Structure formats: structure tokens, C-alpha cells
Amino acid sequence: MSKIVLIGANHAGIAAANTILDSYPENEVVIIDKNTNLSYLGCGTALWVGRHIDSYEHLFYTNKEAFEEKGARILMETTVESIDFDNKLIHATRANGEKFEESYDKVILATGSVPIAPNIKGTDLENVQFVKLFQDSQVADKALCDDSIKEVAVIGAGYIGVEMAEAVKRRGKNVRLFDAADTSLNTYYDPWFTEDMDNVLTENGIQTHYGEMVQSFEGKDGKVTDLTTDKGTYKTDLVIMAIGFSPNNSLGKDKLETFNNGAYLVNLKQETSLPDVYAVGDCATIYSNAIEDTTYIALATNAVRSGIVGGHNAAGTPLESIGVQGSNGISIFGYNMVSTGLNLAAAKEAGYEVKYTDFEDLQKPGFIEKNGNVKIRIVYDAKTRRVLGAQMASTEDISMGIHMFSLAIEEKVTIDKLKLLDIFFLPHFNQPYNYITMAALSAE
Ligand SMILES: Cc1cc2nc3c(=O)[nH]c(=O)nc-3n(C[C@H](O)[C@H](O)[C@H](O)COP(=O)(O)OP(=O)(O)OC[C@H]3O[C@@H](n4cnc5c(N)ncnc54)[C@H](O)[C@@H]3O)c2cc1C
Ligand SMILES: NC(=O)C1=CN([C@@H]2O[C@H](COP(=O)(O)OP(=O)(O)OC[C@H]3O[C@@H](n4cnc5c(N)ncnc54)[C@H](O)[C@@H]3O)[C@@H](O)[C@H]2O)C=CC1
């Protein structure tokens, strides 16, 4: 029996805590989180703020009481200030300011990530808003209810930025979407795909400002009124800031080995460089099967899986992560894009001699009315012919296909093995010569 303390009770911490409580009830479990709420699905922010769904109440999947019923001691609104790793002691402060110590046999760091704040003038003005926490979403939603707020600037056209741009547009505001890169979603998709997404955004009235760096925010009476970039100044009543996350490593960065971006370096058992100290979720690295190396991919899916692995190991069962491929998806104004592994730019940057095969066709036979075009790109290593990544886009649901490519990358399947893979044909779903088979067959 051990005393296992978890710091952080969001997706990664929750997964680790439930793993321990459900499978190893003999352990003493203490969970500490500085927030007032837990399990908020950030991915629901754009759905709720954009009024795809009428309430946020379904965006939480567990609560403090659920952990207490399982026998855990959970301390919310409690901030861990520091950890004495040598003496296995946590120093924390309760909401009422009372300071206390908590000993541990094993500690799991699940402290997540923090939004990157640009080092520019005016970021502290009112109505310059991040959207990391549930509370942030409430502030943004309240601002959007104010009719005097008409001009909204979204900084960062990555996942959050693109989703929030759609959400704000759906609330009837004028939306400008800025990104330092020259397309949206450049981390996950090649321009052959992002150009379509950017057309969808502009066709729906979003003004895209790519390759444009925000230099400052100006304000009046403490509220933002304008923003200035290297190309101009724009009237702005609300700014949504979404330029990425960085790992929250403040508790261990001086004692634990870290990755090049500061994430806690962990092995396949989520063990850090110190014994009895584990790290899971956005604060930790992860193993990528695409580059066959350690990397950093902040996704809830990775947080859950690493939390499960970390929970088993902290409770004494040696279990190794099988690695990830960074599978992800996005749906904007009905246009769906999914990807896994590496896009062309990432594969080249990783040093592969890259080849790729593209295909585009209707998803179903022409005689089927509900139909749509599908684009697919499969990226592979010219030397080993191993699949490195795949991207797909359509107005149709193409989500299931990407999971096959995720497994293909994980299992080091070659592009040649895909050519004659058994894929069913039914006109309700696909074509006799479906787009996966055709892309693989046309690979050089
Ligand atoms: C708007 C938005 C949309 C998203 N959409 C998706 C999506 O569609 N799909 C997807 O896969 N991912 C999505 N993500 C990313 C996903 O939310 C994160 O990858 C995930 O939350 C990581 O979980 P985590 O538990 O590792 O970290 P976090 O969620 O950051 O949680 C860390 C927890 O640790 C606590 N904590 C930190 N430091 C301390 C301390 N010193 N003392 C006490 N407590 C502390 C915090 O209060 C927090 O509760 C989205 C994120 C956002 C913001
Ligand atoms: N559907 C999904 O899977 C979702 C996943 N997430 C995850 O949450 C995390 C955070 O999401 P994001 O904040 O969107 O990060 P991101 O990394 O996806 O996008 C950040 C964007 O900001 C741009 N940028 C960086 N610095 C800039 C600057 N100074 N000025 C202008 N643009 C700048 C980058 O080019 C990039 O396009 C990511 O890991 C993401 O994967 C978030 C939402 C949805």
C-alpha cells in the first residue's frame, strides 16, 4: 500500500486517479487542484460559446464527490506551491490561505499546460481573453452577449483559434483571424488542406490575416479598443488569444529533466528522472510512433492515455505506453479535417526522405444523393515505405478512416501493404475503388 498524491485533477489527473482507485483501492489517494472545477471539456468551449449547444452543463464528466465516494481525499481550490522531492513533502495553500504540508510515497504531476501569452503591450487590457479554463469561457461568452462588442480579433489560427473564430462568427460579430504563419492549422495539415479550410473561413465571413504579427493592443479606460500589427491597426472590442500552450513545469523544472520546451521528460511508464515521481498529460512529453522518438503533443486524448499508464505504474504495475500519433480532428462550418502522424512539413523537418500520395474523389458513387468530395494525402518514408502520416478532408464524415492510419503508423505498416487492404464496398458508405485504396495504389 502506498500514499499516492496527484497534483492536477483535470483530464490526465482524473484518468490516473480513477485507474488507481478502481484497480488498486488499497492505496491512499490524495488529489490536489487549484481550480474550482474539474473535468471541463475545453473542446466544448467553441460549441457552447458558438451556441451549437445551449448550455455548458454537459461539459463536465465527473466531480469531487465521485472521487470521495471512491475513498480519495480531494482538495480543490488548493495550490501546490512547491515540492520537496528529497523529503517527499508537498507544500500547499488552501483557498483560505492556510498553508500545509502533504507527504507522499509516490507523486503524479498532472499540472497540464498554460496558454502562451505574447510579450506585447496591452495583453493585460480588459477583453483580451484566453480560453483555457471554463471560467475563461464564461468571461468570453459574457463579452459576446454585449451588443457594443462588434469587432473581435482571434490571435492564433490553430485549433482553438479556428474553432473560436467560427464560434464568434456564429454569434454575429465581425471576426478577424490572425496568425504568424501563412495558413491556418499549419502544425497538423499541409497547404493542400489548409487552403480549403481558409476558403471555408472566408466564405463564412471571417477575415483572415495570415503572416501578420500582432505588435500591440491599445485601450481606453482599461479596455482594449485597437490592435496593431506589422501591417496595420484595427478597431477591436474583444481579443481571443490562442497562440498555443506551454507545459506547466513550475513545480519540477529545477529538479526534473525536461524536454526542449520545458515539458517533464518521461519514459514509457510516465516515470520522470526522479524515482517515485511521475508526470502525465500536457505537462509531460510523449512518445511519437511517427518520428519514433520523444515529443510534445498537448491533447486531451494523450492526457487520458498517459494518465492511465501513469496510474498503473504508480500503483506498482509495470505498464508501458504504446506511444501515440497525435491523431486529431476539427469540424468548422461543416467542413471536416482529420489527421494523424506527420504532415509533409513535419516529416521533412524530422529528417525523412519523404514521399506522398494524394487522391480526391466523391466519397460515394455519383448516384448517391448525400455525397461529398474527399481529399486524402498519405505521407510515407521513401526508404522504408513506412506510413508516417495521413490527412483527410471532406464535408462528409471521414473520421473513422483516420484511426486506421493511426494504427498503421503505430504498427509500422508500409504504403504497399495498404494497396490491397480489405476495405468493404457499400454504396451507402463508399465507392468500389475507395479513396484509401486509390491513394495507396497510386503511390510511387
Ligand atoms: C479551448 C480548448 C479546446 C480543446 N479542444 C481539444 C479537443 O478537441 N481535443 C483534444 O484532444 N484536446 C483539446 N484541448 C486540449 C486539452 O484540453 C488538453 O490537452 C488537456 O486539458 C490536458 O489535460 P491535463 O490534465 O494534462 O492538463 P490541464 O487540463 O491543463 O489540467 C491541469 C490541472 O492541473 C491543475 N494545476 C496546475 N498547477 C497546479 C498547482 N500548482 N496546484 C494545484 N493544481 C494545479 C490545474 O488547475 C488544472 O486543473 C483543448 C484545449 C482547450 C483550451
Ligand atoms: N480539435 C482538437 O483536437 C483541438 C486541440 N486543441 C489542442 O490544444 C492546444 C492549444 O491549442 P492552440 O492554442 O490552438 O495551439 P496550436 O498550437 O494548435 O495553435 C497555435 C497557433 O498560433 C500561431 N501563433 C503562435 N505564435 C503566434 C503569434 N505570436 N502571433 C500569431 N500567431 C501565432 C501558430 O502559428 C499556431 O497556428 C493544442 O495542443 C491543440 O492541439 C485545442 C482545440 C481543439
Side-chain angles (χ1 to χ4, degrees), residues 6-16 31-49 59 75-83 90-93 109-120 130-134 136-137 140 153-164 167 177-188 194 209-215 229-230 240-252 263 279-284 296-304 306-307 326-332 337-339:
L6 296 103
I7 305 173
N10 210 20
H11 306 312
I14 286 168
I31 307 165
I32 303 174
D33 198 300
K34 63 183 175 184
N35 205 343
T36 57
N37 61 79
L38 66 155
S39 80
Y40 176 67
L41 289 170
C43 44
T45 298
L47 288 176
W48 163 51
V49 170
L59 295 178
L75 312 171
M76 295 302 289
E77 298 181 75
T78 302
T79 302
V80 173
E81 309 291 353
S82 65
I83 304 174
I90 286 161
H91 298 279
T93 306
L109 301 171
T111 52
S113 52
V114 289
I116 297 170
N119 182 19
I120 56 178
F130 292 93
V131 283
K132 165 78 177 171
L133 303 175
F134 167 57
D136 299 335
S137 316
V154 178
I155 317 298
Y159 264 111
I160 294 179
V162 170
E163 290 180 344
M164 289 308 291
L177 177 61
F178 293 84
D179 200 293
D182 51 17
T183 73
S184 64
L185 300 168
N186 60 91
T187 315
Y188 307 90
T194 56
H209 295 254
Y210 296 149
E212 192 166 346
M213 287 299 282
V214 178
Q215 293 171 332
T229 74
D230 54 334
I240 305 272
M241 190 68 74
I243 63 171
F245 284 169
S246 60
N248 181 357
N249 65 4
S250 57
L251 293 175
V280 296
D282 279 9
C283 69
Y296 181 74
I297 306 174
L299 285 168
T301 44
N302 296 341
V304 167
S306 60
S327 290
N328 63 84
I330 191 165
S331 182
I332 299 292
M337 284 169 55
V338 290
S339 80

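Ligands are counted one by one from 1 in listed order, and the atoms in each one are counted from 1 as well. Here the structure is a predicted model, which means the values were calculated and not measured.
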| field | Taking atom 21 (O) of ligand 1 as the reference point, the nearest protein heavy atom with its distance | value | His11 CD2, 3.2 Å
| Atoms of ligand 1 close to Thr79 [distance to a heavy atom under 4.0 angstrom, numbered from 1] | 42 (N)
| message | For a quick test of reading the model, state the closest non-hydrogen atom pair linking Ala46 to Ala167 and the distance between them. | response | O-CB, 3.5 Å
| field | Cys43 heavy atom under 4.0 Å from ligand 2 | value | no
| field | Atoms in ligand 1 flagged as close to Lys132, the criterion being non-hydrogen separation under 4.0 Å | value | 28 (P), 29 (O), 30 (O), 53 (C)
| Which ligand 2 atoms are under 4.0 Å away from a heavy-atom of Met213? | 29 (N)
| Between the candidates Gly326, Ala167, Ala16, Cys43, which shows the shortest non-hydrogen contact distance to atom 5 (N) of ligand 1? | Cys43
| task | Work out which heavy atom in Asp33 is nearest to a heavy atom in Asn35; give both atom names and the distance. | result | OD1-N, 2.7 Å
| note | Quick look: Ala303 vs ligand 1, heavy-atom contacts under 4.0 Å, and the answer is side chain
| ligand 2 to Val214 polar contact by distance, N or O atoms, under 3.5 Å | no
| Does any N or O atom in Val131 lie less than 3.5 angstrom from one in ligand 1, N or O only? | no
| query | Counting heavy atoms only, which part of Ile297 comes closer than 4.0 Å to ligand 2: side chain, backbone, both or neither? | reply | neither
| field | Option nearest atom 49 (O) of ligand 1 (shortest heavy-atom distance, choices Asp33, Asn35, Leu6) | value | Asp33
| request: Distance to 0.1 Å, residue and atom name: give those for the protein heavy atom nearest to atom 16 (C) of ligand 1. | output: Ala300 N, 3.6 Å
| Nearest-neighbour protein heavy atom for atom 25 (O) of ligand 1, which is reported as residue plus atom name and distance | Ala12 N, 3.0 Å
| query | Hey, are the side chains of Met213 and Pro118 touching, using non-hydrogen atoms and a 4.5 Å cut-off? | reply | no
| Can you check whether Ile120 reaches Gln215 side chain to side chain, under 4.5 Å on heavy atoms? | no
| field | Minimum heavy-atom distance between Pro115 and Phe245, given as atom pair plus value | value | CA-CD2, 3.8 Å
| query | Which option, Thr93, Thr111, Val80, owns the non-hydrogen atom nearest atom 42 (N) of ligand 1? | reply | Val80
| note | Here the atoms of ligand 1 under 4.0 Å from any heavy atom belonging to Gly281 are 26 (O)
| Residue part near ligand 1, for Thr78, under 4.0 Å between non-hydrogen atoms | backbone
| What residue and heavy atom of the protein are closest to atom 53 (C) of ligand 1, and at what distance? | Phe245 CZ, 3.3 Å
| note | Taking only non-hydrogen atoms of Phe245 and a 4.0 Å limit, the atoms of ligand 2 in range are 8 (O), 9 (C), 10 (C)
| Positive for side chain to side chain contact (heavy atoms under 4.5 Å, CB included) with Cys283, one of Val114, Leu251, Thr111 | Thr111
| message | Under 3.5 Å between any N/O of Ser113 and any N/O of ligand 1: does that happen in this structure? | response | yes
| Looking at Glu163, which atoms of ligand 2 are within less than 4.0 Å of one of its heavy atoms? | 1 (N), 43 (C), 44 (C)
| field | Side-chain donor/acceptor of Asn10 to backbone N/O of Ser39, under 3.5 Å | value | yes
| Hey, which atoms in ligand 1 end up nearer than 4.0 Å to a heavy atom of Ile160? | 1 (C), 2 (C), 52 (C), 53 (C)
| Polar proximity ligand 1 side, Thr45 side, N/O cut 3.5 Å exclusive | no
| message | Ignoring hydrogens and geometry beyond distance, is a side-chain donor-acceptor pair present between Asp282 and Ser113 at under 3.5 Å? | response | yes
| field | For the student: nearest non-hydrogen atoms of Ser306 and Val280, plus distance | value | O-CG1, 3.2 Å
| query | Should Glu163 be counted as touching ligand 1, given the test is an N or O pair under 3.5 Å? | reply | no
| task | Heavy-atom contacts with Asn248 under 4.0 Å: which atoms of ligand 1 show up? List them by number with element. | result | 37 (C), 38 (N)
| Proximity flag Tyr40 to ligand 1, non-hydrogen atoms under 4.0 Å | no
| Any idea which protein heavy atom is nearest atom 14 (O) of ligand 2, and the distance to it? | Ile160 N, 2.8 Å
| task | Establish whether atom 28 (P) of ligand 1 and some protein heavy atom are separated by less than 4.0 angstrom. | result | yes
| Nearest protein heavy atom with distance in Å, relative to atom 40 (C) of ligand 2 | Tyr188 OH, 3.5 Å
| request: Please examine the side chains of Ile83 and Ile7, heavy atoms only from C-beta on, and report whether any two atoms are closer than 4.5 Å. | output: yes
| atom 7 (C) of ligand 2: which protein heavy atom is closest, and how many Å away? | Ala298 O, 3.6 Å
| query | Heavy atoms, side chains only, cut-off 4.5 Å: are Thr36 and Met76 in contact? | reply | no
| query | Is there side-chain contact between His11 and Leu41, with at least one heavy-atom pair below 4.5 Å? | reply | yes
| message | Considering non-hydrogen atoms of the protein only, which is the closest contact for atom 2 (C) of ligand 2, and what is the distance? | response | Tyr159 CD2, 3.6 Å
| said: Quick test: of every protein heavy atom, which one is nearest to atom 13 (O) of ligand 2, and how far off is it to 0.1 Å? | reply: Gly244 N, 3.1 Å
| message | I'd like to check which ligand 1 atoms, numbered from 1 as shown, lie under 4.0 Å from a non-hydrogen atom of Asp282. | response | 18 (C), 19 (O), 20 (C), 22 (C), 26 (O)
| Taking only residues two or more places apart in sequence, or in another chain, which ones meet Tyr40 in a side-chain hydrogen bond (donor to acceptor under 3.5 Å, both in side chains)? | Thr45, Ser137
| task | Please identify which atoms of ligand 2 are closer than 4.0 Å to at least one heavy atom of Asn186. | result | 35 (O), 37 (O)
| request: For ligand 2, find out whether one of its N or O atoms is nearer than 3.5 Å to an N or O atom of Phe178. | output: no
| request: Could you tell me which atoms of ligand 1, counted from 1 in the order shown, lie closer than 4.0 angstrom to a heavy atom of Ala110? | output: 32 (C), 33 (C), 34 (O)
| query | Which residue holds the protein heavy atom closest to atom 33 (C) of ligand 2, what is that atom called, and what is the gap in Å? | reply | Ile243 CG2, 3.6 Å
| query | Does Ala242 have a non-hydrogen atom less than 4.0 Å from ligand 2? | reply | yes
| task | Measure across Ala140 and Val131 and return the closest heavy-atom pair with its distance rounded to 0.1 Å. | result | CB-CG1, 4.4 Å
| For the residue pair Leu177 and Gly156, what are the closest heavy atoms and their distance? | CD1-O, 3.6 Å
| query | Just distances here: any N/O of Ile7 and N/O of ligand 1 closer than 3.5 Å? | reply | no
| said: Is it the case that the side chain of Asn37 and the backbone of Phe134 share a donor-acceptor pair, with hydrogens and angles ignored and the cut-off at 3.5 Å? | reply: no
| query | Would a search of protein heavy atoms around atom 8 (O) of ligand 1 find one under 4.0 Å away? | reply | yes
| task | If you have a sec, work out which protein heavy atom is nearest atom 3 (O) of ligand 2 and how many Å separate them, to one decimal? | result | Leu299 CD2, 3.7 Å
| request: Using a strict cut-off of 4.0 Å, indicate which atoms of ligand 1 neighbour a heavy atom of Gly112. | output: 26 (O), 27 (O), 28 (P), 30 (O), 32 (C)
| query | Heavy atoms only: which of Met164, Lys34, Glu81 is nearest to atom 45 (C) of ligand 1? | reply | Lys34
| Looking only at protein heavy atoms, which one is nearest to atom 36 (C) of ligand 2, and how far off is it? | Asp179 OD2, 3.5 Å
